[in-house]
Amino acid sequence: MADPKGFLTTGREVAETRPVDERVRDWNEVYVPGSLLPVISKQAGRCMDCGIPFCHSGCPLGNLIPEWNDYAYRGDWTAASERLHATNNFPEFTGRLCPAPCETACVLGINQPAVTIKNVEVTIIDKAWEAGAVTPQPPERLSGKTVAVIGSGPAGLAAAQQLTRAGHTVAVYERADRIGGLLRYGIPEFKMEKRHINRRVEQMRAEGTKFRTGVEIGRDIDGAKLRKRYDAVVIAAGATTARDLPVPGRELAGIHQAMDYLPLANKVQEGDYVAPPISAEGKHVVVIGGGDTGADCVGTAHRQGAASVTQLEIMPRPSDERPEGQPWPTYPMTYKVTSAHEEGGERVYAVSTTHFEGDAEGNVAFLHLVEVKFADGGFKPVPGTEKKIPAELVTLAMGFTGVDRENGLVEQLGLELDARGNVARDADYATSVPGVFVAGDAGRGQSLIVWAIAEGRSAARGVDRMLTGTSELPAPIRPTDRALTV
């Protein structure tokens, strides 16, 4: 146990964020660099070393949280990093981007603020990088087997790294011009600077993983031909079919899917553009969708100099405290204020868009909405609550409905889909096509980064077993496992 009285004598302290008026003028991460180091050892000491650590149940990776909390408390950062990497290929990603279901499952959280697990995690890995403790781990011998991984998001990268270290020759195919998937072009720079991806990719290159960017399987290379070229294929292409909003006026200029808007801002930071082709500068911006992607649009619009930002959500405003129907250790649906929301804008709940109104040039100018309430299995408009608001740029951030069906990959491989539009798979993550596996959102549906990494690791075990007859790779979750919710 780190500190037997830590949770009794030390209060919760989280990472300090930079002042709003400073951070909205740049694209750097919102946190004050180094602000965690003076407090993180004591924060790790709040871990109770529970007899049954429910944080393990909250985290699909099965992170050894009490162990690396103890090492962090004692200042043994090398040992902490070793235990952290034992279950997680990319803790610098999850430590910045994961909503931390481990914390909502923390035993201390029953009646006190939970341990700052996420902050401890990111401190451990940042210290490890600074100390040069994160090094390539190439395999001792090669198996002679080849694997193609389609997609370079967290699931694809995790599967590729595990399979490369197992001795297989792995090539990752990415349709974008850079590696990282949604980590690269869906997550804004202010949430995670892309240097974190770059150095992981270099580590993987040194281990032997090959990367092929600007290649879309299905369009540039036929999926069936790819399957013949490799001994196994892992589909980790995500669930990229965005949910649309089929209301009158949808065709007006200035209405975009979030994933058409966000990548352009990231490309500016990569040096591809001087200014983004779609910009919020000087415009009244409306973001439809109250989730994390919507918040990313809000923060991006602030940095681009929007005149106003309004975020709409069809669900009612969540409560500030854990709802009675969502007891510990489940992940509660509570009111969240992200760094983007701290920066301004208005959040409107329990409303639905009825139609868009345009100007004489065919550009969106106003959004018409109505308040709704849930009744008889659906959302019903409340009479007399109609309203219109200025909307010169609208982003749709309403989630995703399944794997891409337009590029031909599903048909070329003859993949079976489940009822939700995801690629169907068995207990080993194998699809209906021999030698083809699926990991991440492509098989699970839209989910969290920590689940994607867990799926990539688990699918790698299935591939390894198919190729060699056995496997020592870990499989932290089954395809049917779901988050700890009610």
Side-chain angles (χ1 to χ4, degrees), residues 30 60 93-94 96-101 103-104 118 153-155 181-183 185-192 238-245 255-263 265-266 280 285-302 306 309-320 322-323 326 330-353 367 369 372 374 379 391 393-402 420-422 440-441 444-452 482-486:
V30 301
F93 302 165
T94 52
R96 288 174 168 81
L97 304 175
C98 182
E103 293 188 17
T104 59
K118 181 176 173 179
L182 289 184
L183 293 172
Y185 286 132
I187 302 298
E189 194 84 0
F190 58 83
K191 285 181 67 174
M192 186 181 75
T240 57
T241 301
R243 183 174 285 107
D244 212 334
L245 185 62
I255 304 173
H256 306 276
Q257 288 287 351
M259 290 311 302
D260 292 329
Y261 169 64
L262 293 173
N266 283 2
V285 177
V286 178
V287 179
I288 302 179
D292 289 338
T293 302
D296 293 344
C297 292
V298 170
T300 298
H302 287 322
V309 182
T310 305
Q311 187 177 17
L312 307 182
E313 169 59 59
I314 195 170
M315 299 293 291
R317 183 190 184 280
S319 62
D320 293 318
R322 182 188 286 272
Q326 299 172 10
T330 63
Y331 190 84
M333 299 303 294
T334 54
Y335 183 69
K336 293 196 306 181
V337 179
T338 70
S339 64
H341 296 129
E342 293 173 349
E343 295 159 4
E346 183 180 4
R347 304 167 76 178
V348 183
Y349 289 90
V351 295
S352 179
T353 303
L367 180 149
L369 56 82
V372 295
F374 191 80
F379 292 97
L393 172 64
V394 177
T395 61
L396 307 180
M398 302 181 296
F400 302 87
T401 60
R420 300 180 60 199
N422 306 314
D441 290 1
R444 175 170 292 270
Q446 183 182 357
S447 189
L448 303 176
I449 180 174
V450 68
W451 283 90
R482 290 296 180 264
L484 193 64
T485 59
V486 292

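In this structure, Leu448 and Pro99 approach most closely via the heavy-atom pair CD1-CG, 3.6 Å. Here the shortest heavy-atom pairing between Val298 and Gly344 reads CG1-O, 4.4 Å. When all heavy atoms are compared, the tightest approach of Val285 to Ala280 is CG2-CB, 3.6 Å. Of all non-hydrogen atoms in Ala391 and Val286, the two that sit nearest each other are CB-CG2, 3.6 Å. Ala242 approaches Gln257 most closely through the heavy-atom pair CB-OE1, 3.4 Å. When all heavy atoms are compared, the tightest approach of Ala397 to Ala258 is CB-CB, 4.0 Å.
Counting heavy atoms from C-beta on, the side chains of Asp292 and Lys336 come closer than 4.5 Å. The shortest side-chain heavy-atom distance between Thr334 and Pro323 falls under the 4.5 Å cut-off.
Side-chain N or O atoms of Gln311 include none that pairs as donor or acceptor with a backbone N or O of Gly345 at under 3.5 Å. Under the 3.5 Å distance criterion, the side-chain polar atoms of Thr310 are left unmatched by any main-chain donor or acceptor of Glu346. The closest donor-acceptor contact from the side chain of Thr241 to the backbone of Thr401 lies at 3.5 Å or more, if one exists at all.
Atom CZ of Arg347 is separated from atom OH of Tyr335 by 4.0 Å, given to the nearest 0.5 angstrom. Between Phe374 atom CZ and Met315 atom CE the span is 8.0 Å, to the nearest 0.5 Å. With values rounded to the nearest 0.5 angstrom, Leu396 atom CG is found 13.0 Å from Met259 atom CE. Here Leu182 contributes atom CG and Gln446 contributes atom CD; the two are 9.5 Å apart, rounded to the nearest 0.5 Å. To the nearest 0.5 Å, the span separating CG on Asp296 from OG1 on Thr338 amounts to 8.0 Å. The line from CD of Glu189 to CG of Leu262 is 12.5 Å long, rounded to the nearest 0.5 Å.
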Step by step, work out the side-chain contact (heavy atoms from CB on, under 4.5 Å) result for Tyr261 and Cys297. CA-CA 8 Å; Tyr261 169 64; Cys297 292; 4.1 Å; yes
Would you sort out whether Asp441 and Trp451 count as a side-chain contact (heavy atoms from CB on, under 4.5 Å), showing the intermediate values? CA-CA 9 Å; Asp441 290 1; Trp451 283 90; over 6 Å; no
Run Arg444 and Asn422 through side-chain contact (heavy atoms from CB on, under 4.5 Å) and show every step you take. CA-CA 7 Å; Arg444 175 170 292 270; Asn422 306 314; over 6 Å; no
Going through the checks in order, is the side-chain contact (heavy atoms from CB on, under 4.5 Å) test met by Arg322 and Thr104? CA-CA 10 Å; Arg322 182 188 286 272; Thr104 59; 4.0 Å; yes
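Remark: Met333 CE is loosely packed, at most 12 non-hydrogen atoms of other residues, nucleotides or ligands lying under 6.0 Å away. For Arg317, the CZ atom is densely surrounded, since the number of other residues' heavy atoms within 6.0 Å is greater than 12.
The only member of Leu367, Thr395, Leu369 that meets side-chain contact (heavy atoms from CB on, under 4.5 Å) when paired with Ile288 is Leu367.
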